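We count residues from 1, following the sequence as given. The structure presented is a predicted model; accordingly, all values stated were derived computationally and were not measured.
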Amino acid sequence: MAKVTSSPGMERWEHADMMYVSIETTIALASVLGNVLVILVVRLNRAFRDPTFCFMVSLALADIAVGTLVIPLAVVISLGLKTPFYTCLFLSCLLLIITQSSILSLMAIAIDRYLRIRIPTRYGIVVTQQRAWVAVGLCWLLSLLAGLVPMLGWHQALSSNSSTSPIQCQFVAVMRMDYMVYFNFFGWVVVPLTIMVGLYAEIFRVIRRQLNRRAEAVADASKYYHKELKLAKSLALVLFLFTLCWLPLHIMNCVTYFCPGCQVPKSALYVGIFMSHGNSALNPLVYAFRIQRFRTTLVHIGQRCVLCRAHESCPYPPGPLPIAEKT
């Protein structure tokens, strides 16, 4: 994309680059701000101190990393700046690590909700907060190992020049499409998504069955399953949006690999990139609109900030907000 001659074509590409960088910057700011609020809400509200929200914090951290690392690196790579081959490869691998951590966090959430429905009486014993954080660490470790596979040799072949002189850093210049299609997409996207769809289908089936037995069940059990159904719908929506935002880019990779003669328009590629990055800004909106206690805590945080500004000092001591209502 970087041109060295002054021509109308160059001006158009420079305009496209500026538009691309502006949109990516906006997405990055929205992702960071929204997901910092997610972590703040979980930190301040005691009602969120359960394993499910540990995994949601992990997902929020991955989305913050998208805003602070992935998007700036994607801009660097898309503009084709000159870097050593392995530096460019490592930067490209970082993009994959963050994506895979998001997928594994979503899968951990799905497994957690499934266990909560299948073993409601033993859930608190089997799934503790300490074990949840261990699972979060395992998700990030697996993401790191899978994302760094190209560094071990599954990358584009080194030419005689690229081993000694800087190359124009672009994703396709260092990353092999068979790795992106077979390992990254089929292995680390399609398989987890299939498992998660199956888990949520079973969650909804069990909840519906339990609610249909309302005449035989006590009121507390009915209330419990209604609450679980509402939260499961919200988390399933997060999964649906993730799939909707990421599939176009992976499908374009498949087109590039299986049909070498087919040309993917650069505009379509940009749209795919914007959708994949924009997904990181959507999750806080889902939580705010779908989870009442999350929305209530956001309102309290906003009121606290307004009062602090009005009095030029915070009238509330630091610590958790006194909110413990359940939805």
Judged by atom type as modelled, is there a donor-acceptor pair below 3.5 Å linking the side chain of Ser31 to the main-chain atoms of Gly67?
no
Looking at the rings of Tyr257 and Tyr182, which for Trp means the six-membered one, are their centres under 6.0 Å apart?
yes
Tell me, yes or no, whether the heavy-atom count around Phe186 atom CZ, taken from other residues, nucleotides or ligands under 6.0 Å, exceeds 12.
yes
Transitively linked via ILVMFWY side-chain contacts under 4.5 Å: Leu231 with Ile111?
yes
With sequence neighbours excluded, residues passing salt bridge (charged side-chain N to carboxylate O under 4.0 Å, His left out) with Arg116
Glu228
State plainly whether one hydrophobic cluster holds both Val42 and Val299, where clusters connect Ile, Leu, Val, Met, Phe, Trp and Tyr through side-chain heavy atoms under 4.5 angstrom apart.
no
Any side-chain heavy atom of Val238 within less than 4.5 Å of one from Tyr287?
yes
Please list, chain by chain and in numerical order, all residues satisfying salt bridge (charged side-chain N to carboxylate O under 4.0 Å, His left out) with Arg205, sequence neighbours excluded.
Glu202
So, Ser234 side chain and Lys230 main chain: donor-acceptor pair closer than 3.5 Å or not?
yes
So CD of Gln210 and CG of Leu229: to nearest 0.5 Å the spacing works out to 12.0 Å
When rounded to the nearest 0.5 Å, the distance separating OH of Tyr270 from NZ of Lys266 is 5.5 Å
Rounded at 0.5 Å granularity, tell me how far NE2 in His250 sits from CG in Asn184.
5.5 Å
What's the shortest heavy-atom distance between Ala110 and Tyr200, and which atoms?
CB-CE1, 3.7 Å
Would you mind reporting whether Thr25 and Val21 have side-chain heavy atoms less than 4.5 Å apart?
yes
Report the distance from atom CG of Leu40 to atom CG of Asn35, rounding to the nearest 0.5 Å.
12.0 Å
Can you confirm whether Tyr114 sits close enough to Ile119 that some side-chain heavy atom of one is under 4.5 Å from a side-chain heavy atom of the other?
no
Please report the C-alpha distance between Val181 and Phe258 in whole Å, then the side-chain angles of each, then the deciding distance to 0.1 Å, and finally whether the side-chain contact (heavy atoms from CB on, under 4.5 Å) criterion is met.
CA-CA 9 Å; Val181 171; Phe258 291 115; 3.7 Å; yes
For Met275, the hydrophobic cluster (side chain heavy atoms closer than 4.5 Å, chained through members) also holds Val271
Applying side chain to side chain donor-acceptor pair (under 3.5 Å), name anything that partners Thr99, two or more places apart in sequence or on another chain.
none
Looking at side-chain heavy atoms only, is the closest gap between Phe204 and Lys233 below 4.5 Å?
yes
Heavy atoms, side chains only, cut-off 4.5 Å: are Pro51 and Arg131 in contact?
no
Does Phe274 form a side-chain contact (heavy atoms from CB on, under 4.5 Å) with Leu269? I'd like the steps, not just the answer.
CA-CA 9 Å; Phe274 292 148; Leu269 184 61; over 6 Å; no
Arg118 and Tyr123, any side-chain heavy atoms less than 4.5 Å apart:
no
Pairs touching residues 81-92 that satisfy side chain to side chain donor-acceptor pair (under 3.5 Å), sequence neighbours left out:
none
When you compare the side chain of Cys245 with that of Leu282, does any pair of heavy atoms fall below 4.5 Å?
yes
Apply side chain to side chain donor-acceptor pair (under 3.5 Å) to Trp188 and list each qualifying residue two or more places apart in sequence or on a separate chain.
none
Quick one: closest heavy-atom pair of Ala60 and Val38, and the distance?
CB-CG1, 4.0 Å
Just grab all the ring pair (Phe, Tyr, Trp, His ring centres under 6.0 Å) pairs involving residues 52-78, residues at least two apart or on different chains.
Phe48-Phe53
Using atom types as modelled and distance alone, determine if a side-chain donor or acceptor of Thr26 lies under 3.5 Å from a backbone N or O of Ser22.
yes
Check against side-chain contact (heavy atoms from CB on, under 4.5 Å), Ile64 and Ile39:
CA-CA 10 Å; Ile64 290 172; Ile39 296 174; 3.6 Å; yes
Looking at every heavy atom in both Phe294 and Pro284, which two are closest together, and how far apart are they?
CE2-O, 4.2 Å
Strictly distance-based, threshold 3.5 Å: is any side-chain N or O of Asn279 a donor or acceptor partner for the main-chain N or O of Trp246?
no
Looking at Pro120 and Tyr224, what are the two nearest heavy atoms and their distance?
CB-OH, 3.8 Å
Check this for me: Phe90, atom CZ, are more than 12 non-hydrogen atoms of other residues, nucleotides or ligands nearer than 6.0 Å?
no
Please give the remaining members of the hydrophobic cluster of Ile125, linking ILVMFWY side chains under 4.5 Å, ordered by chain and number.
none
Test of understanding: clusters of I, L, V, M, F, W, Y form through side-chain heavy atoms closer than 4.5 Å, transitively. Do Met175 and Leu158 belong to the same one?
yes
From CA spacing to verdict: side-chain hydrogen bond (donor to acceptor under 3.5 Å, both in side chains), Ser143, Ser101:
CA-CA 5 Å; Ser143 302; Ser101 67; 4.8 Å; no
For Asn283, all residues meeting side chain to side chain donor-acceptor pair (under 3.5 Å), sequence neighbours excluded
Asp63
Distance col, row Leu199:CG vs Ile117:CD1, nearest 0.5 angstrom, shows 12.0 Å
Glu24: what forms a side chain to side chain donor-acceptor pair (under 3.5 Å) with it, not counting sequence neighbours?
Tyr20, His277
If hydrophobic clusters are built from ILVMFWY residues whose side chains come within less than 4.5 Å, do Leu247 and Val286 share one?
yes
Under the salt bridge (charged side-chain N to carboxylate O under 4.0 Å, His left out) rule, collect the residues that match up with Arg176, sequence neighbours excluded.
Asp178
Taking the side chain as every heavy atom from C-beta outward, state whether Leu94 and Val70 have any atom pair closer than 4.5 Å.
no
Would you check, one step at a time, whether the test side-chain contact (heavy atoms from CB on, under 4.5 Å) holds for Leu193 with Ile103?
CA-CA 8 Å; Leu193 285 179; Ile103 295 172; 5.6 Å; no
Atom pair OG/CD1 of Ser102 and Ile97 - distance to nearest 0.5 Å:
12.0 Å
By ring pair (Phe, Tyr, Trp, His ring centres under 6.0 Å), which residues pair with Tyr179, not counting sequence neighbours?
Trp154, Phe183
Search all heavy atoms of Ile167 against all heavy atoms of Cys88 and return the closest pair with its distance.
CD1-CB, 4.5 Å
Answer yes if Phe240 and Leu235 sit in the same cluster of Ile, Leu, Val, Met, Phe, Trp and Tyr residues linked by side chain heavy atoms under 4.5 Å apart, and no otherwise.
yes
Return the minimal non-hydrogen interatomic distance between Met177 and Thr256, and the atom names on each side.
CG-CG2, 4.4 Å
